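Just so you know, ligand 1 is whichever comes first in the structure, and atom 1 is the first atom listed for that ligand. Not measured: the values here are computed from a predicted model. Side chains included, hydrogens not; waters and symmetry mates left out as well; all remaining heavy atoms used.
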Amino acid sequence: MIEVYFHNSLTGKKEKFSPADPKRVTVYSCGPTVYNYAHIGNLRAFLFVDFLRRSLKLLGYGVDMTMNITDIDDKIIRDSIAAKKSIQEFTKPWTEAFFEDLKTVHAEILEHYPKATESIPEMIEIIQKLKNKGLVYEKDESLYFSIQKFENYGKLSKIDTSGMKTGTRYDTDEYEKEDVRDFVLWKSPKVEGEASWNTEIGTGRPGWHLECSAMIRKVYQSGVDIHTGGVDLLFPHHENEIAQSEGAFPEETFVGTWLHSEHLLVDGQKMSKSKGNFYTLRDLVQKGIDPKAIRFLLISTHYRSKLNFSTDRLEESANSIRKMQNCLDRLLDAEPNYEIVSDFTFTNPSILTWKKETEESLADDLNIAKVLAVVFESLKIINSLLDSVKNPITSQRRKEFIQLFAYYNQLFDVLEFSAEKDLIDSEIDSLIEERQLARKNKDFARSDAIRDQLLAQGILIEDTKDGLRWRRK
Ligand code: AMP
Ligand code: ZN
């Protein structure tokens, strides 16, 4: 197996990755707070998880991955009270929307999606352990973590706690690095109607940071090989996770490798709900943008580089997909009955080189730029071989090239291999126009065939007073 290197945020260095069990690499990723639609900045963090998963698998590892659902926090309490709904009622549709979005951008389903509200016993267990070690104190019936009593506080974010005044506290989930204080583990109810649990450590609800420590414990009964999240979570969220988990279980390694994905920017600023400069996936899809182009854009910039979102970049991304698909279609047109084999053995020396270069690039901290350079170089060569009239390529060779695309697609998942491809909006528009024309010309066989083709693709045509409209089922 090839040696893999990751940039570990804990050490700030590229390090050799050596999980205890390569057949089961454990990965935990901070997931969505389900109080709204995810914006595509959030989606970048989630698609990084998908890219990491697919890369590990391509490199020969087995994976066991978790993404949590934060279904209780300050914002959820605020918004559910305003909506006069229970936490469960309020978060259910947003959780469903999150999974729908993942499906739209072809993110693979992970092994576990624990919910914070279903992990309260594990939270209590951690607090009890921290209490026994003298790391917890109570104030106004809430419980706080005393960071000065925990020797390693600051090791991830490299903050210096020496100037900090003891006993100053934060009740809110988020705060700035410049203003480091003790953080809340368990909050006593403050607002009328607030969700709370009656437990042996008191009536209250968890602080956000505690949730992730507890869900890791719940799923793995130990630490994990890799922990991911967006860079904004490094402090205080991940620093506090370390304090809780290593404070409670000092004999164990909590996280082997920390990977932090960079932000998606709009006009140079972080995309965020609070700044109001955000797009949801649905906004973009409604404008007719192909979700594949969004997926490809979000995964094709290295995870540790900022990515400036723009319609030009989306267009570039759609063009890249088109180039790959066109080349693949040339091969498929000549081999219409070929079926992809899942464990194909390549023999062609050029393909073996491209495959090796792809794997070496991924093994170098997921260097996607190098992977793309290999992909587009191979594309150029395959196209020129297909162009050659003098030396037409053999069927065997064409099949091997199709398999090469299937191999690349294990990472990208933006290519279509069957004759029945997903239709994009402009293709649907022109089919509908053609159908109208066929009906006008009383060519009902053709118009019915088009209707059936659209139906098979889940496109419904509706006659409205403003004319024909279509929608996806
Ligand atoms: P949230 O739902 O706010 O808890 O965030 C979910 C994930 O999205 C976290 O990993 C965040 O770090 C990440 N995130 C938030 N904003 C951005 C952004 N503009 N670009 C990339 N990742 C982001
Ligand atoms: Zn988390």
Aromatic ring proximity, centroids under 6.0 angstrom, [Y] and [X]:
| X | Y | value |
| --- | --- | --- |
| Y220 | Y28 | no |
| H238 | H260 | yes |
| F98 | F46 | yes |
| Y35 | W94 | no |
| F183 | Y144 | no |
| F17 | Y61 | yes |
| F145 | Y137 | no |

Give one line per pair: atom of ligand 1, protein atom, distance. Only N/O to N/O under 3.5 Å.
residue: ligand 1; atom: 2 (O); partner: T33; partner atom: N; Å: 3.1
residue: ligand 1; atom: 4 (O); partner: T33; partner atom: OG1; Å: 3.0
residue: ligand 1; atom: 5 (O); partner: N42; partner atom: ND2; Å: 3.3
residue: ligand 1; atom: 8 (O); partner: N42; partner atom: ND2; Å: 3.1
residue: ligand 1; atom: 10 (O); partner: G230; partner atom: N; Å: 3.1
residue: ligand 1; atom: 12 (O); partner: G230; partner atom: N; Å: 3.3
residue: ligand 1; atom: 12 (O); partner: D232; partner atom: OD1; Å: 2.4
residue: ligand 1; atom: 12 (O); partner: D232; partner atom: OD2; Å: 3.4
residue: ligand 1; atom: 19 (N); partner: L264; partner atom: O; Å: 3.2
residue: ligand 1; atom: 19 (N); partner: M271; partner atom: N; Å: 3.4
residue: ligand 1; atom: 19 (N); partner: M271; partner atom: O; Å: 2.8
residue: ligand 1; atom: 20 (N); partner: L264; partner atom: N; Å: 2.7
residue: ligand 1; atom: 22 (N); partner: G41; partner atom: O; Å: 3.0

Practice problem: Give every protein N, O or S atom lying under 2.8 Å from the Zn ion (ligand 2), naming each by residue and atom. | Solution: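 C30 SG, C212 SG, H237 NE2, with waters left out.
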
Quiz item: With a 4.5 Å limit on heavy-atom distance, are the side chains of N367 and L362 in contact?
Solution: no

Quiz item: Angle class for the H237/W208 ring planes (parallel below 30°, perpendicular above 60°, tilted otherwise)?
Solution: parallel

